[in-house]
Amino acid sequence: MSDYRPQDLDRKWQQRWAASRAFEVTEDPSRPKFYCLEMFAYPSGHAHVGHVRNYIIGDVMARTKRMRGYNVLHPFGWDAFGLPAENAAIKGGIHPEVSTRGNIAHMKGQLQRLGISYAWEREFATCDPEYYKWNQWLFIRMFERGLAYRRRSSVNWCPSCRTVLANEQVVDGGCWRCGTPVETRDLEQWFFRITAYADELLDDTVALTRWPEKVLTMQRNWIGRSEGARVTFAMEGNPSTPIEVFTTRIDTIYGATFVLLAPEHPLVSSLADASTDPASFRRQVQAFRAQDRAARMSGAVEKQGFDTGVRAINPFTDQPVPVWVANFVLGEYGTGAVMAVPAHDERDFEFARKFDLPIRVVVTPDGRPVAADALAGAAVAYGTLVDSGPYSGLPSAEAQKRMAAVARERGIGEATIQYRLKDWGISRQRYWGTPIPMIYCDKDGIVPVPDDQLPVVLPPMAQFTGRGDSPLAQVPEFVHVTCPACGGAARRETDTMDTFVDSSWYFYRFADPRNERMPFDPARVKYWLPVDFYSGGVEHAILHLIYSRFFARVFRDIGLVDHSEPFSQLLTQGMVLKDGAVMSKSKGNVVDPDTMLQQYGADALRLYVMFVAPPEKEVEWSDAGLEGSFRFLARVWRLVDRWCETVGGADVVLPDAGDSLNAAERALRRKTHETIRRVTADIEERQQLNTAVSAMMELVNDLYAFSEQTVTGGPARRPDAAAPRGGVAERRETIGVVREALEALVLTLSPFAPHTGAEMWERLGQAVTVAEAAWPAYNPSVARAEEIVVPVQVNGKVRSRLTVSAQASEQELERLALADPAVRTYTSGKTVRKVVVARGRLVSVVVQ
RNA sequence: GCGAAAGUGGCGGAACUGGCAGACGCGCCAGACUUAGGAUCUGGUACCCGAGAGGGUAUGGGGGUUCGAGUCCCUCCUUUCGCACCA
């Protein structure tokens, strides 16, 4: 008799795995590979059970695939650069390097105590110069290809702290530290030309069949491709400054009765100068620009605008139309100017009604004119053109083609495609990130750092003041450099890269994490990639996953990889809530895995988190549920404890056809194989890990019932009493069947509960460890039931059940059903209209 | 507002291709074993009527297709998530 003491098992097996480097792998062309990856972690200090759920999901997959014969790569690392560490340094004076390394050490310990089967030999952190060197290398390759470029762009600026703020440091429009309202400043910054891949990133989403549709939809919306046309409106009396607009509805251009400019539009400034009251003009523009930041968050912003006093010429009607500045027109999208067609656009309609601007109906459902006064709202549907000169009578789609073609002939526009996706601004005026490897020379301009001088290492910094722009600009030894081209005095770029750069290719590095000559060896990446199973939070549905898809294409075009999509299958795991809210330190509702481990061991926690709900679903944490999983493991433990001696040394070969088995033995055997089938499919095909666990629970329940029936004493009725420990009355067949069941159970359970599984496997007398053991084989002929129960419905209600051979024919079933006494009480005196037989499932009788 | 997903016992959730709704677990009730049990084992547990056998009603509401609907179609309601003036 031995008690279930999971803490001892955790320690024992974790030590063994570490000592034998059990989960390290090498490329092996003779075996199918499986690259299982969970999104790496930001080392915040402590992992809570919400984070940990993701690692457990991945670990169940990895361990299962290993047992299924795959060569499994299951690595882990740290997304270690980022703002929180730097903020902490500003507040508390601890250098980011120090706090980050400390946090990594602690979290690594947490994951190891959970028994996650990582190839720790491959671990790295993005703040390792050996890693970020290759960020810099890749940046230079992108610069060479025109994929990295520099332009002016605005940043958040706190006038009080005199520093640049990241978006997440702007809280309710104010600075995170002092609350001062944030201003906008224009700085020269670096961008990645992701828009060059917009079409490809969009089109290829259809090939991602193993991604959640939700994520693909979000990505498609993010890219936001829209087909339309650019059209030029000349300025009345000033042909040198035309206004270009983008529209998806050129078919409605005869209804364009005014033009709207974004407050940021380049023309606005000169229009202000020319206006009758430049000061008031500018004041209004400034007010609109300020709205963007603060008002946008606080709900619906009312549409506002004012007349610039100038007019533009509608190039199709040749009529002058007023030009207004409007707060709802976006400066960054399209051309920053729109033609307003109030009759056919809701926003324009609202605006026109508010400011009493003219409305012209130019598209109607049937081609018959409609008075503008009759409109209750904008008519946005396609239809037939009216009052549109030579285009009247054409359907919208046809008109769009012809009008775009005519615009092109006349040199006033053309059909074009517009994206919502913008180029990726990667400059960060921060310390704790990858230095951008560029040098500015008065003579040679922008010069990349030569490859052989990489990495550009972050200089140690004594003090973090949180003032000024880029912290690196305050380190003279870092800034002053000689120009690689002319050898003269030059200065370094002092911005660092967005940390999303780090996370956009780390999954390649895991294939070859110590390479000193290249970001990775293409041959190794060719073997391991793409990632077969990638899991992480939905919060990365857009940015991380789209940037990674972008980087994969860049690597492909550089010639380092031969695929376009880095992740074959994506699983977005749901969050773990506590008291109905996401766990967070500030809310004080964090469930610490270590506390749970001390009480119940790693396996109970792992099992519970897998059992409570399907992986994608959000779940509410429950201590009672965890307790239940612990009880289940103890129940399995007692079962194995009771049988291990009997079964351990036994060598019983079960016949394929179970002729010599009695009914109970055959039933147990059937259950065993049915369980293998269900668990395997639930893990591999459906990733429905909760039902895999319940299938195993059913088998355990059956094993208890079986022991109860067939063996005196029962398995654990009296764990403390000197109950006979097997070997008494058992038939060889019984032992064989139980042994098969227990082995299947322990094997299928071990990905979920690896420590308990390994120990029980050992106790069952197995020579190899459970992690190396082969997954149990499913035998369909054993799993098939000989006898089945078929319900019989009369007019849709179940009235009887037939116990028949599984081979019973449809005719047989119909005959038996109609002859059944219970059925006859409902059919007697009535006419049987119809009998439907679903073989093996059900008989449905219709009477009248 | 637009888009997507989801609504099943007291709770978490099952139900694979349209075929016995509620697997499995939690909780609760009872029994056994016990000095004791918050351990363990066994049984019960959707709701209503009925002593019982049994009957009826149930998968957010309403309608439809079908021998048969949690599952498919239409419509409405609610919740969650995403996008939120993208012209």
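We use all heavy atoms of the structure for the numbers below, so side chains are in, but hydrogens, waters and symmetry mates are not. We name chains A, B, ... by the order of the sequence lines, and we start the count at 1 in each one.
Side-chain atoms of A/M697 lie closest to B/C24 of the nucleotides B/A87, B/C24, B/G13. When each of B/G19, B/A14, B/G25 is scored by its nearest atom to the side-chain atoms of A/S844, the top-ranked nucleotide is B/G19. The listed nucleotides are B/U42, B/U40, B/C20; the one nearest the side chain of A/R638 is B/U40. Among the nucleotides B/G13, B/C26, B/G12, the one closest to the side chain of A/R631 is B/C26. Across B/A87, B/U42, B/C24, the shortest atom-to-atom separation from the side chain of A/R635 is found for B/U42.
Nucleic acid contact class of A/V845 (heavy atoms, under 4.0 Å, all strands): none. Within 4.0 Å (heavy atoms only), A/K303 reaches at least one base atom of the nucleic acid. At the heavy-atom level, A/V836 lies under 4.0 Å from base atoms of the strands shown. When heavy atoms are screened at a 4.0 angstrom cut-off, A/F258 is found touching no nucleic acid atom at all. Backbone-only engagement by A/N690 is indicated by non-hydrogen atom pairs under 4.0 Å involving sugar-phosphate atoms exclusively. Counting non-hydrogen atoms under 4.0 angstrom, A/R799 reaches the backbone sugars and phosphates but no base. Counting non-hydrogen atoms under 4.0 angstrom, A/E698 reaches the backbone sugars and phosphates but no base. Residue A/S629 is classed as having no contact, given no heavy-atom separation below 4.0 Å to the nucleic acid. Among the heavy atoms of the strands, none lies under 4.0 Å from A/D348. Within 4.0 Å (heavy atoms only), A/V329 reaches at least one base atom of the nucleic acid. Heavy atoms of A/K797 sit under 4.0 angstrom from primed sugar atoms or phosphate atoms, though from no base atom.
Distance noted for atom C1' between B/C29 and B/G9: 16 Å (whole Å). Taking atom P in both B/C2 and B/C72, one finds a spacing of 24 Å when rounded to whole Å. Taking atom P on both nucleotides, B/C41 is separated from B/U79 by 43 Å, rounded to a whole Å. Comparing the same atom, C1', in B/C28 and in B/C11 gives a spacing of 11 Å after rounding to whole Å.
Nucleotide B/G31 forms a Watson-Crick or G-U wobble pair with B/C41, both donor-acceptor distances falling under 3.5 Å.
Counting atom types as modelled, A/R801 pairs a side-chain N or O with a base atom of B/C20 as donor and acceptor under 3.5 Å.
Nearest-nucleotide assignment on RNA chain B puts the 5′-proximal partner with A/E620, out of A/Q688 and A/E620.
Side chain of A/D820 to main chain of A/R801: no donor-acceptor pair is present (N/O by atom type, distance under 3.5 Å, no hydrogens or angles). Under the 3.5 Å distance criterion, the side-chain polar atoms of A/S396 are left unmatched by any main-chain donor or acceptor of A/D251.
Taking a cutoff of 4.0 Å between a charged side-chain nitrogen and a carboxylate oxygen, A/R686 and A/D682 qualify as a salt bridge. Between A/D199 and A/R225, at least one side-chain N (NZ, or NE/NH1/NH2) sits under 4.0 Å from a carboxylate O, which counts as a salt bridge.
Other residues, nucleotides and ligands contribute over 12 non-hydrogen atoms within 6.0 Å of the NZ atom of A/K354.
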